[in-house]
Engineer: 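Handing you this structure, nothing more for now.
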Amino acid sequence: MAAHGTMRAVLPWVITLLWIAAIILALLLFVGAPLGEALSGFWQGAFGGRRHAYLMATLSRTALITGMAISVMLSFRAGLFNIGGEGQLVAGGLAAALTAILLPGPPLLVLVAAILAAMLAGALWALLAGVLQLYMGVPLLVGSLLLNYPVRYLASYAVAHPFRDVPSGMVQSHLVPQETWLAYFPGTRLDIGILFTLAATAFALVYSYWTVHGYHTRLNGLSADFARTVGLPVRRLTLQTLAISGAIAGLVGAIAVFGIHHRYIDGMLVQPLYAWTGIIAVLLVGMVPWAVPLSGFFFAAVQTGAAGMERAAGVPKEIALVIQAVIILFVASRVSGALSSKEGRGDGHA
Amino acid sequence: MRIALNGVTVRFGLVTAVDGVSLGIEPGEIHALVGENGAGKSTLMNMLFGLVKPADGTIVIDGVERRWASPQDAIRAGLGMVHQHFMLQDSMSVLENIVLCAEPVGRFGFVDFARARARLDAIAESHGVSVDLDGQLGRLSVGERQAVEILKVLYREADLLILDEPTAVLTPQEKDRLFDTLRSFRAAGKAIVLITHKLDEVMEIADRVSVMRAGRLVASAPLAETSKEEIARGIVGGVLPAPRARRAQKPGEVVLSVDALTVARRGRDVGPVSFDLRAGEIVGIAGVSGNGQAELVRALTGLERPRSGAVSLRGERIEGRSVGERRSLGLSYIPEDRQRMGLALGASVSDNASAGRDDRRSFAAGPFLKLSAMARFARTLIENYRIRVAGPRARAATMSGGNKQKLVVGRELSRATPLVIAENPTWGVDIGAIDFIHGELMRMRDAGHAILLISTELDEVIALSDRILVMYDGVVSGEVAGGEASRERVGALMTSRAAAPSGPEGMGEVA
Amino acid sequence: MLDLLLDPSFAASIPRFVTPILLAALGGALCERAGVFNIALEGFLLTGAFAAVLGAYYSGTPYLGAAAAMAAGMAMGLVFAEFNLRRDGDAIVVSIAINLLAAGLTTFLLRAIFNVTGAFSDPAIVGFGAIRLPLIEDIPVLGPMLSGQSILFYAALASVPVLHVFLARHRLGLRIRAAGENAEALRAGGVSPRRVQLLALVGCGALCGLGGAQLSIANVNLFVENMSAGRGWIAVVAVLLTRGRPWPLFCIALLFGAVDSLSFRVQGMGLAQQFTDMMPYLATLTVLIVLSWWRARRARGDVS
């Protein structure tokens with residue numbers, strides 16, 4: 001009886017996995033890739049390399065994806081469809097780079113100031129979307145999304161014109177002072193940025209389960225009508241939550257600047273789709289806080305693994321995006337009710 | 001059309017909603033199907049109509065066993081159903097609503113509205129049911145909407161008409177008109193099933209009565225062979241609950257004072273409404289749903305800003321205050337819609353129990369929650385309000401309707417605020433829970449709390465209230481003291497703006 | 001500025017920008033009216049643009065390119081239906097996934113089939129030519145706008161009244177509206193709302209596919225990674241603002257298209273490209289804010 005019940009619970013997941021595997025296999029066959037090499041290339045690319053260099057790359061990517069995932073998770077759990085993480089991330093990255101380049105002073109202070117500036121920029125950009133929803137009636141979903149574009153072009157302009165590192169010949173800013181670069185873990189090429197992400201994750205865990213504010217935003221996320229009826233300050237909660245989300249996205253931008261690129265390069269935060277990967281990383285685990293880092297690591301591995309597959313078997317690495325989308329499609333239908341879509345469409349009268 | 005249901009069983013997961021019911025429906029007969037909420041009446045008829053599939057049993061129509069793949073099959077076989085919640089499209093015209101799903105089509109699948117119009121004109125003439133076909137449905141009154149539903153059924157040439165609680169939202173006059181229409185159908189040889197829980201209506205119009213309780217058919221007999229008392233006993237399964245004792249007490253000081261309050265509404269604004277509510281009394285607000293009660297409640301609780309007027313709670317002006325501020329000033333609110341407003345169904349019982357509490361210190365230390373204190377509080381509520389649930393950690397969604405409502409009532413009443421606003425507090429819950437909730441409200445009253453009871457159930461208002469205000473068309477059409485409250489008096493006020501002491505025209509024949 | 005607006009070549013460029021937004025928005029309108037919250041128009045457009053190039057390249061005719069685009073769009077509609085309607089996945093999640101799927105599949109196939117990254121252009125991609133309308137082209141201002149456009153523009157124009165009449169008077173149109181407003185009533189009437197919504201999604205896919213074809217084989221004859229560049233989102237905004245009513249939708253699409261084309265024009269006038277790139281989104285945001293604000297005010301009853 002118990003075994004039968006377990007079967008019933010497990011079987012749909014097995015079928016789902018088979019579907020996903022079948023689709024990936026079909027894509028591999030389509031490009032005529034040698035399967036064995038593709039698979040070992042994937043494994044190497046995600047977890048292997050000399051002295052685990054690729055694993056470090058995966059972890060470095062995990063830091064950014066998980067950070068973005070934590071950022072949107074806080075919004076989603078509060079019932080706020082903030083899909084403007086990209087804009088908040090870019091605002092943070094740009095603010096961090098410009099502060100570090102322009103602000104004189106002791107490196108550590110500059111670093112701290114730059115990180116704070118990044119968080120502030122991200123928070124403000126998220127707040128803008130919230131203000132548009134609360135006071136203008138613009139649905140958060142489209143408002144936050146559309147705000148991605150202006151900031152993306154603004155950042156692009158900043159590093160293409162006033163703050164461009166002209167001699168480099170690339171569309172990028174000057175380097176931030178070398179003393180502000182995040183250190184590597186001893187003996188590796190992995191910067192300590194992931195510690196910031198872990199801190200953000202720890203914060204999100206405590207916040208979600210054990211704080212009054214997290215409790216209230218959770219109730220608002222489960223039912224906005226209920227939250228209003230029992231007298232929770234919905235507007236204030238909305239703005240505060242968005243600010244927290246945006247600040248974390250901004251922090252991620254700062255990690256990318258000080259830990260990885262050491263400057264702001266046009267498109268460095270947009271092209272890899274960190275924000276979108278963060279969103280699907282949250283959706284994969286149904287917004288359960290403790291599982292988000294694992295999910296972030298998983299998607300980072302899919303991406304670096306795909307790059308490995310390209311090196312080993314000539315499979316275009318863009319397959320990673322297809323795999324992610326397919327996984328989310330199948331899993332979204334299994335973790336139903338993860339988002340209450342009615343709320344999200346709301347005409348903005350939260 | 002002669003219908004026989006044989007040993008029908010319907011299950012939803014592990015719950016057996018209808019258990020081995022056999023029932024015969026004869027042409028030219030009005031067959032009342034009665035029972036309390038959740039007895040399985042609607043489920044049985046939804047099964048007959050093809051909306052749910054039976055786990056067991058058969059449907060035999062005119063001697064032939066039938067199976068429905070979808071309601072379309074049932075409709076084609078001549079069945080028609082008027083659902084409790086109207087199946088209509090507000091933004092469409094009456095004509096579009098009627099033809100929807102049975103559209104006469106011309107070339108390329110375009111709807112031949114002219115043909116439909118001609119047929120409807122003929123139907124309207126022969127049965128005396130008429131509605132302006134070009135009017136937008138959203139602008140119609142509830143009674144007119146029901147006429148549209150009936151036209152829909154007639155348009156499909158149904159021989160069996162199932163009506164699910166058709167009078168729940170009607171004024172007494174509209175109800176009379178409906179019953180006249182039903183009698184004309186009976187005369188035309190159609191079979192009619194009337195699902196209801198109002199015994200007076202059964203006595204007035206039915207030819208045969210079937211009683212359901214807990215998914216089973218407990219009795220089925222011609223009306224002449226039974227009595228109102230017998231039917232009532234069948235419904236509750238034993239002795240009827242005794243009428244509630246009321247302790248005479250003098251109302252205290254004014255707790256809630258409403259002065260010329262107006263609230264925005266589509267069409268005509270609600271108000272101006274003025275009244276006082278004193279400590280130790282229950283003031284009932286009666287009225288057919290949709291006459292401004294919902295807007296009034298939203299303005300009183302702070303969910304909506306009023307357009308003008310003043311509201312004072314214990315002498316303090318609150319019309320500009322937020323929901324949270326009003327609650328901490330001494331207001332509790334039991335909302336009508338427990339699924340959306342009363343509870344967060346996805347959250348645990350414990351999370352629901354502590355929501356909206358203003359004694360923050362008892363469940364929080366600084367910014368952190370005291371989870372064990374919250375669970376303890378939830379357990380107290382579960383015990384005191386006899387809520388049947390697995391425990392504080394169980395999701396609110398896992399409880400039955402009555403237990404959900406007890407949790408809402410428990411949470412709000414345990415705050416022991418001077419003012420309690422209860423909006424249809426027993427809507428859709430079983431008799432045991434109704435009795436319990438009524439008892440709790442009375443206990444609060446006796447303890448000196450002021451209670452505003454908004455209810456569309458006349459029985460409930462009359463049984464509990466010290467004074468009754470009746471709302472009609474957005475204003476208070478009259479006030480009736482609890483003692484002298486009579487159905488006729490309140491019923492008259494429910495249908496008229498004039499607060500004339502004698503009932504207005506057309507009300508004489510109300511039973 | 002006025003000179004610019006009266007410049008015939010500016011007028012002539014507007015339809016190039018209007019067509020994809022309008023077609024995608026009309027598709028979105030079908031979904032909106034049917035009660036499917038489809039915000040994957042961006043992905044649908046991108047898929048259509050890629051399939052159009054694929055079809056035109058291999059068949060040598062833009063018509064098969066457009067047909068391939070429609071087919072690909074409809075396939076995306078089916079994917080949406082499978083996961084949103086049949087498997088009951090959340091519409092927003094499914095939309096996000098489909099947008100990513102479209103971005104991934106098009107770039108993946110670009111490399112797998114044509115072995116290029118970034119963009120694919122080839123003389124073998126035959127695009128749609130301009131159709132000149134003899135008398136109309138002589139009308140000042142309007143003439144150059146109405147004449148000399150691709151057949152897809154005329155198809156988009158025709159779709160507006162067709163969709164209007166379809167929703168008002170066609171059996172499926174009626175049912176689509178019912179599915180969006182009170183689906184339970186459809187079910188009670190014996191019609192499966194999901195089937196109706198499936199058809200709406202397929203229709204949406206076909207229209208978006210055509211919109212994509214306009215991008216890749218009418219405006220230009222090439223495919224560029226992510227060439228839909230947010231136009232699908234602008235179409236989503238247009239749908240939300242008009243609640244899927246065809247004529248208001250047409251006006252909004254015209255407005256957005258005009259701004260789009262204006263931003264293209266002012267690029268040559270010394271303004272940094274980043275700012276002109278930003279313009280369509282700022283314009284969309286502005287319209288969104290103004291209309292939402294006005295609507296919210298009206299809903300509160302301050303203006304009547």
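Chain naming here is simple, since letters A, B, ... match the order of the sequence lines and numbering starts at 1 in each.
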Engineer: Taking the six-membered ring for Trp and the full ring for Phe, Tyr or His, determine whether the centres of C:Phe223 and C:Phe114 are under 6.0 Å apart.
Structural biologist: no

Engineer: Which answer fits C:Leu110, side chain, backbone, both or neither, if we ask what part of it has an atom under 4.5 Å from a heavy atom of chain A?
Structural biologist: neither

Engineer: Should A:Ser173 and A:Asp165 be marked as a side-chain contact (heavy atoms from CB on, under 4.5 Å) after you check the CA-CA gap, both sets of side-chain angles, and the distance that decides it?
Structural biologist: CA-CA 5 Å; A:Ser173 73; A:Asp165 180 7; 5.9 Å; no

Engineer: Contact between C:Arg187 and C:Arg194 at the side-chain level, heavy atoms closer than 4.5 Å - yes or no?
Structural biologist: no

Engineer: Select one option (side chain, backbone, both, neither) describing which atoms of A:Leu154 are under 4.5 Å from chain C's heavy atoms.
Structural biologist: both

Engineer: I'd like to know which of C:Leu101, C:Leu241, C:Leu282 tops the heavy-atom pair count under 4.5 Å against chain A.
Structural biologist: C:Leu101

Engineer: Quick one: of C:Asn84, C:Ile289, C:Ile113, C:Val94, who has the most non-hydrogen atom pairs under 4.5 Å with chain A?
Structural biologist: C:Ile289

Engineer: Side-chain contact test, heavy atoms from C-beta onward, threshold under 4.5 Å: evaluate it for A:Phe163 versus A:Leu94 and give yes or no.
Structural biologist: no

Engineer: What part of C:Ile39 gets closer than 4.5 Å to chain A, counting heavy atoms only: side chain, backbone, both or neither?
Structural biologist: side chain

Engineer: Let me know if C:Ile96 has heavy atoms under 4.5 Å from chain A in its side chain, its backbone, both or neither.
Structural biologist: side chain

Engineer: Sort C:Leu291 into side chain, backbone, both or neither according to what part of it lies under 4.5 angstrom from a heavy atom of chain A.
Structural biologist: neither

Engineer: So do A:Tyr264 and A:Met268 actually touch side chain to side chain, heavy atoms under 4.5 Å?
Structural biologist: yes

Engineer: Non-hydrogen atoms of chain A under 4.5 Å away: do they reach the side chain of C:Val236, the backbone, both or neither?
Structural biologist: side chain

Engineer: Against chain C, label A:Val31 side chain, backbone, both or neither, depending on which of its atoms sit under 4.5 Å from a heavy atom there.
Structural biologist: side chain

Engineer: For the aromatic rings, using the six-membered ring if either is Trp, is the centroid distance between C:Phe275 and A:Tyr157 under 6.0 Å?
Structural biologist: yes

Engineer: Which answer fits C:Val79, side chain, backbone, both or neither, if we ask what part of it has an atom under 4.5 Å from a heavy atom of chain A?
Structural biologist: side chain

Engineer: Is A:Leu132 in contact with chain C via its backbone, its side chain, both, or neither, using a 4.5 Å heavy-atom distance?
Structural biologist: side chain

Engineer: Is A:Arg311 atom CZ crowded by more than 12 heavy atoms from other residues, nucleotides or ligands, each under 6.0 Å away?
Structural biologist: yes

Engineer: Between A:Gln303 and A:Thr277, does any side-chain donor sit less than 3.5 Å from a side-chain acceptor?
Structural biologist: yes

Engineer: Less than 4.5 Å to any heavy atom of chain C: does that hold for the side chain of A:Leu146, its backbone, both, or neither?
Structural biologist: both

Engineer: Measure distances from C:Leu105 to the heavy atoms of chain A and classify the residue's part below 4.5 Å as side chain, backbone, both or neither.
Structural biologist: both

Engineer: If we only count heavy atoms from C-beta on, is the C:Val287 to C:Ile252 side-chain gap below 4.5 Å?
Structural biologist: yes

Engineer: Check each atom of A:Ile83 against the heavy atoms of chain C and say whether the ones under 4.5 Å are side chain, backbone, both or neither.
Structural biologist: side chain

